[in-house]
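Report on the structure given below.
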Amino acid sequence: MLYYLFRFLEQFGIPGSHVWGYISFRALLALILALIISAWFGERFIKFMKRKNISETQRDETIDPFGTAKKGVPTMGGIIIIVSILVPALLFGRMRNIYLILMLITTVWLGFLGFMDDYIKIFRKNKEGLKGKYKIVGQVSIGLIVGLVLWASPDALVRENVEIMHKGQQTQVIHKSEPVKSLKTTIPFVKNHNLDYGKAFGFLGKYKTAAGWVLFVLMTIIVVTAVSNGANLNDGMDGMAAGNSAIIGVALGILAYVSSHLEYAAYLNIMFIPGSQELVVFLCAFIGAMIGFLWYNAYPAQIFMGDTGSLTIGGIIGVCAVIIHKELLVPILCGIFLVESLSVMIQTFFFKYYKRKGQRVRIFRATPIHDNFRKLDSQLDPTSRYVFKNWPQRQFNESKITIRFWIVTIILAALTIITLKIR
């Protein structure tokens, strides 16, 4: 909103109004404001929640092997995150930008879905919260909306990168002059960095493009749902999900910026996406909100984000990756989320498999995998056999586990960007 105001004032020669045209200026303002809002609003929100005694009553008294109390800590802190993202994005973003609109819709949509889950847990005293099928429907729906909008919107265009071989074996990367609807996406470790969804349906002849878009929409649904659930599973320790998401947000911000800059896109041999610079403003607000939330969520936490926050931040990451055509880099960038999800799937599959045979077998001491590093032997089910009962051989303080997961995410984020130069 302020962008349009100051661009209007620039016509009258108002000093300083021209700086609102710079993406770096608006992005940094968004980051700073998000930090301020999360710190200021967060303190008041926590006091309100404590005064109303709003917390997950089903939460265990202590879940940290070193005895840090968890019961009674307020939840639904995702509201702090959502407000801290929306306000800067609305103030400093270009509201006519289709990509920014999609990010705002995703934030509100999944924020509401997570809020309903937390509401049922807290006020309805139902430990299970919102039924899993309703969560999946909500996640699939926003993935479907995003995919269809990117398919149908005339504003969602890209300029594809093309390699030209010159004499002397020198390769130059240029971009097509006209922006087009593209089924191409960035894929690591291949020569031209592009994978065309439409080529998978070459046997369909004139219908291959339509089939390619159907595949693209399905891929969008899968990415958004998977990352949203992965972030939800990662939210189990103080500061874990917020810290990992902030790091992932930085990597996505870099990718969004270089995708919006013609020279950088040519240097990295990726598609040029006009308008994706507005994602940098949104992501800076996202990063600021995550860091600000850590002020209260770092060990020992004064508030938990709940599903209101975890489902939202996962959806934001997934949708942003799809918009900038980097969804195939998500398994690397969000490797922690992937491992958390796989650990739960493996644990559940083998437990059900052996249960049908009359045995109680678990692979890990606890899942998601971060719980495996803090689970005490005295807390294990004595009727079950554990495949990795002695791994690790000792338990760790929650803050050490969290920071080590952050470090792994930093490495994965760096690798994600590096892959663009490894062909």
Side-chain angles (χ1 to χ4, degrees), residues 97-103 106 142-163 173-176 178-201 209 211-227 248-249 251-280 282-283 315-334 413 415-423:
N97 182 277
I98 186 62
Y99 303 133
L100 181 59
I101 292 171
L102 284 176
M103 298 307 300
T106 299
I142 189 61
L144 181 63
I145 290 171
V146 171
L148 291 176
V149 169
L150 293 176
W151 179 2
S153 174
D155 296 325
L157 303 173
V158 305
R159 286 173 58 182
E160 296 177 349
N161 50 312
V162 180
E163 290 186 349
V173 177
I174 63 171
H175 289 85
K176 294 181 179 179
E178 292 296 326
V180 295
K181 285 286 180 183
S182 178
L183 281 171
K184 292 183 178 180
T185 187
T186 301
I187 185 171
F189 310 123
V190 298
K191 186 176 180 180
N192 64 0
H193 280 175
N194 290 336
L195 173 70
D196 192 333
Y197 289 124
K199 287 187 176 180
F201 301 96
T209 300
W213 278 111
V214 171
L215 177 59
F216 170 78
V217 173
L218 289 175
M219 182 63 71
T220 302
I221 292 171
I222 292 170
V223 170
V224 173
T225 303
V227 180
I248 293 170
L252 284 175
I254 294 171
L255 293 173
Y257 182 74
V258 298
S259 296
S260 69
H261 195 288
L262 191 59
E263 293 182 4
Y264 292 152
Y267 173 72
L268 293 172
N269 195 6
I270 58 176
M271 286 172 281
F272 170 57
I273 308 174
S276 63
Q277 66 270 16
E278 292 304 313
L279 292 177
V280 180
F282 183 91
L283 287 168
I316 286 172
I317 291 169
V319 171
C320 182
V322 170
I323 287 175
I324 60 175
H325 295 255
K326 302 294 182 292
E327 65 272 15
L328 298 184
L329 297 179
V330 164
I332 303 174
L333 179 60
C334 301
L415 285 174
T416 301
I417 297 172
I418 291 172
T419 58
L420 299 181
K421 295 302 292 180
I422 301 177
R423 293 178 276 170

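In this text the structure is predicted, and so the values were computed from the model without any measurement.
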- I270 backbone acceptor or donor facing H175 side chain under 3.5 Å: yes
- Nearest heavy-atom contact between K421 and Y267 is NZ-O, 3.2 Å
- Of all the heavy-atom pairs spanning V173 and A266, show the shortest one and how long it is. CB-O, 3.5 Å
- Item | P188 side chain near L329 side chain, heavy-atom distance below 4.5 Å | yes
- Query: Between the side chain of K184 and the main-chain N/O of S182, is any donor-acceptor distance below 3.5 Å?
  - Reply: no
- Query: Taking atom CG of L268 and atom CD1 of I417, what is their separation to the nearest 0.5 Å?
  - Reply: 9.0 Å
- Side-chain heavy atoms of M271 within contact of T186, under 4.5 Å: yes
- So L333 and L252, side-chain contact (heavy atoms from CB on, under 4.5 Å) or not? Walk me through it. CA-CA 9 Å; L333 179 60; L252 284 175; 3.8 Å; yes
- Item | Within 6.0 angstrom of K181 NZ, more than 12 heavy atoms from elsewhere | yes
- Item | Option from V319, I145, I323 for which side-chain contact (heavy atoms from CB on, under 4.5 Å) with L150 holds | I323
- Which pair of heavy atoms, one from A251 and one from A413, lies closest together, and at what distance? CB-CB, 3.9 Å
- Note on the structure: Correct closest heavy-atom pair for L144 and I221 would be N-CG1, 3.5 Å
- Decide yes or no for V224 and V146: does some side-chain heavy atom of the first lie under 4.5 Å from some side-chain heavy atom of the second? no
- Looking at CG of L420 and CG of L415, how far apart are the two atoms once the value is rounded to the nearest 0.5 Å? 11.5 Å
- Between R159 (side chain) and K176 (backbone), is there a donor-acceptor pair under 3.5 Å? yes
- How many angstroms lie between CD1 in I98 and CG in D155, if you round to the nearest 0.5 Å? 6.0 Å
- Here the gap from Y99 atom OH to I324 atom CD1, rounded to the nearest 0.5 Å, amounts to 11.0 Å
- Write down the atom of L283, the atom of C320, and the distance for their closest heavy-atom approach. CD1-SG, 3.6 Å
- Any H325 side-chain heavy atom under 4.5 Å of I273 side chain: yes
- CZ-NE2 distance between F272 and H261, expressed to the nearest 0.5 angstrom: 9.0 Å
- Any donor and acceptor pair, going by atom type alone, linking the side chain of Q277 with main-chain N or O of G275 inside 3.5 Å? yes
- Under 3.5 Å donor-acceptor, S260 side chain and Y257 backbone: yes
- Item | Shortest non-hydrogen contact between C334 and I248, atoms and distance | SG-CD1, 3.9 Å
- Query: Who are the ring-ring contact (aromatic ring centres under 6.0 Å, His included) partners of F216, not counting sequence neighbours?
  - Reply: W213
- Message: Once rounded to the nearest 0.5 Å, what's the spacing between atom CG of L262 and atom CD1 of I174?
- Response: 10.5 Å
